[in-house]
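In what follows, a single structure is set out as structure tokens and then discussed.
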Amino acid sequence: MKQDPAVGLLVKVCDSPAMVHIARQCGMDFLFYDLEHGMISDQRLLDLILLGNAIGISSLVRVPQLARKDISRTLDEGAAGIMVPMIENPEQARQLADWALYPPLGHRSYSGGANTGYGPGGNHRINMDKANDSVLVLAQIETLEGVRNCEAILDVPGITGAVIGPCDLSISRNDPDDMFAEEEVEMIARVQKACHDRGKKFGLIGPYRLMAMLPEATDLAVAAFDTTLLRTGCLEAVKEFEAMNRTEKKGDAWT
């Protein structure tokens with residue numbers, strides 16, 4: 001995911017291992033587990049990440065807040081990347097990077113386990129360097145203050161990229177029902193440019209229609225939500241059933 005554009009599924013409620021297999025078979029590059037708004041338990045998250053790592057689909061995790069425990073514990077569970085919501089300034093970004101990366105880049109506490117594939121003890125420096133080189137450290141920018149400071153946020157060493165939350169950004173603009181407004185698209189494009197000017201990843205959690213309005217490519221695309229897919233599938237099933245059973249009485253005959 002550090003090299004090529006990638007598409008992923010936002011997971012809030014579907015915590016079945018079957019979902020991991022289905023996403024992999026359908027060509028998803030990663031699963032984006034939402035611990036800020038989702039309902040997945042810590043033990044279940046570990047199981048899903050381990051399964052994904054075993055079959056070749058990476059796991060990104062949005063933790064609930066900028067907290068050392070949330071960041072280090074999630075990475076210890078084997079997540080390929082971590083994202084913290086509502087990053088608004090470089091100080092917060094520095095704290096995120098410091099907790100997500102091992103020395104000398106940060107101060108992440110070392111532990112073997114899921115993050116090292118439950119391999120043998122030792123090899124600390126090798127494991128630390130590998131993690132520092134591979135982990136995605138993502139700042140979610142979703143407020144006016146975050147956009148204003150996006151260049152400074154992305155200048156922080158260790159920050160891999162930024163992911164836009166267009167819904168909360170529209171709320172921050174006091175226009176909660178229009179994430180396609182020209183003002184918002186311009187703000188998102190500013191963050192996109194800031195990422196690419198620095199050789200960093202740009203991601204967006206939102207519809208492909210919004211991504212298509214931006215001047216450059218989206219590196220991490222999260223347009224599919226498990227709740228939306230379930231709702232769409234249910235609506236389509238009801239629609240097909242009603243169409244099949246729709247009848248019209250003509251005289252004494254039903255057709």
May I ask you to say whether [X] pairs ionically with [Y], meaning some side-chain N is under 4.0 Å from a carboxylate O?
{"X": "Asp98", "Y": "Arg94", "answer": "no"}
{"X": "Asp34", "Y": "Arg62", "answer": "yes"}
{"X": "Arg173", "Y": "Asp168", "answer": "no"}
{"X": "Glu151", "Y": "Arg198", "answer": "no"}

To the nearest 0.5 Å, tell me how far [X] [atom1] sits from [Y] [atom2].
{"X": "Leu154", "Y": "Lys201", "atom1": "CG", "atom2": "NZ", "value": "13.5 Å"}
{"X": "Gln43", "Y": "Glu77", "atom1": "CD", "atom2": "CD", "value": "8.5 Å"}
{"X": "Met179", "Y": "Arg209", "atom1": "CE", "atom2": "CZ", "value": "9.5 Å"}
{"X": "Glu145", "Y": "Met86", "atom1": "CD", "atom2": "CE", "value": "12.5 Å"}
{"X": "Met19", "Y": "Leu48", "atom1": "CE", "atom2": "CG", "value": "5.0 Å"}
{"X": "Leu101", "Y": "Leu96", "atom1": "CG", "atom2": "CG", "value": "8.0 Å"}

Between Glu184 and Ile188, does the side chain to side chain contact (heavy atoms under 4.5 Å, CB included) criterion hold? Intermediate values first, please. CA-CA 6 Å; Glu184 175 137 349; Ile188 297 173; 3.8 Å; yes
Residue Glu236 excluded, over 12 heavy atoms near CD under 6.0 Å: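 Atom CD in Glu236 is packed in, count exceeds 12.
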Counting only heavy atoms not in Lys200, do more than 12 sit closer than 6.0 Å to its NZ atom? yes
Would you say [X] and [Y] are hydrophobically clustered, going by side-chain heavy atoms of ILVMFWY under 4.5 Å?
{"X": "Ile171", "Y": "Ile205", "result": "no"}
{"X": "Tyr102", "Y": "Val84", "result": "no"}
{"X": "Leu214", "Y": "Val191", "result": "yes"}
{"X": "Leu51", "Y": "Tyr33", "result": "yes"}
{"X": "Leu9", "Y": "Leu230", "result": "no"}

Decide yes or no for [X] and [Y]: does some side-chain heavy atom of the first lie under 4.5 Å from some side-chain heavy atom of the second?
{"X": "Asp175", "Y": "Glu183", "result": "no"}
{"X": "Gln95", "Y": "Glu91", "result": "no"}
{"X": "Phe225", "Y": "Val11", "result": "no"}
{"X": "Ile153", "Y": "Asn89", "result": "no"}
{"X": "Leu35", "Y": "Leu45", "result": "yes"}
{"X": "Asp42", "Y": "Arg73", "result": "yes"}
{"X": "Tyr208", "Y": "Leu210", "result": "no"}
{"X": "Tyr110", "Y": "His124", "result": "yes"}

What verdict does the side chain to side chain contact (heavy atoms under 4.5 Å, CB included) test give for Leu75 and Trp99, after you've listed the backbone C-alpha separation in whole Å, the side-chain angles of each residue and the deciding distance to 0.1 Å? CA-CA 10 Å; Leu75 291 174; Trp99 286 335; over 6 Å; no
For the pair [X] (side chain) and [Y] (backbone), establish whether a donor and an acceptor sit closer than 3.5 Å, ignoring hydrogens and angles.
{"X": "Asp29", "Y": "Val7", "value": "yes"}
{"X": "Asn127", "Y": "Asn123", "value": "yes"}
{"X": "Thr232", "Y": "Leu229", "value": "no"}
{"X": "Ser172", "Y": "Leu144", "value": "yes"}
{"X": "Thr218", "Y": "Ala221", "value": "no"}

Which atoms form the tightest heavy-atom contact between [X] and [Y], and what is the distance?
{"X": "Gln192", "Y": "Glu216", "result": "NE2-O, 2.8 Å"}
{"X": "Phe180", "Y": "Pro207", "result": "CZ-CG, 3.7 Å"}
{"X": "Asn53", "Y": "Gly78", "result": "ND2-O, 3.2 Å"}
{"X": "Ser170", "Y": "Pro176", "result": "OG-O, 3.4 Å"}
{"X": "Ser111", "Y": "Asp76", "result": "CB-OD2, 4.0 Å"}
{"X": "Ala93", "Y": "Val156", "result": "CB-CG2, 3.8 Å"}

Mind running side chain to side chain contact (heavy atoms under 4.5 Å, CB included) on Asn149 and Ile87 for me, showing each step along the way? CA-CA 9 Å; Asn149 292 322; Ile87 295 295; over 6 Å; no
Full working for side chain to side chain contact (heavy atoms under 4.5 Å, CB included) between Leu138 and Leu220: CA-CA 11 Å; Leu138 302 168; Leu220 300 172; 4.1 Å; yes
Taking it one step at a time, do Gln65 and Asp70 satisfy side-chain hydrogen bond (donor to acceptor under 3.5 Å, both in side chains)? CA-CA 7 Å; Gln65 59 192 334; Asp70 292 330; 3.2 Å; yes
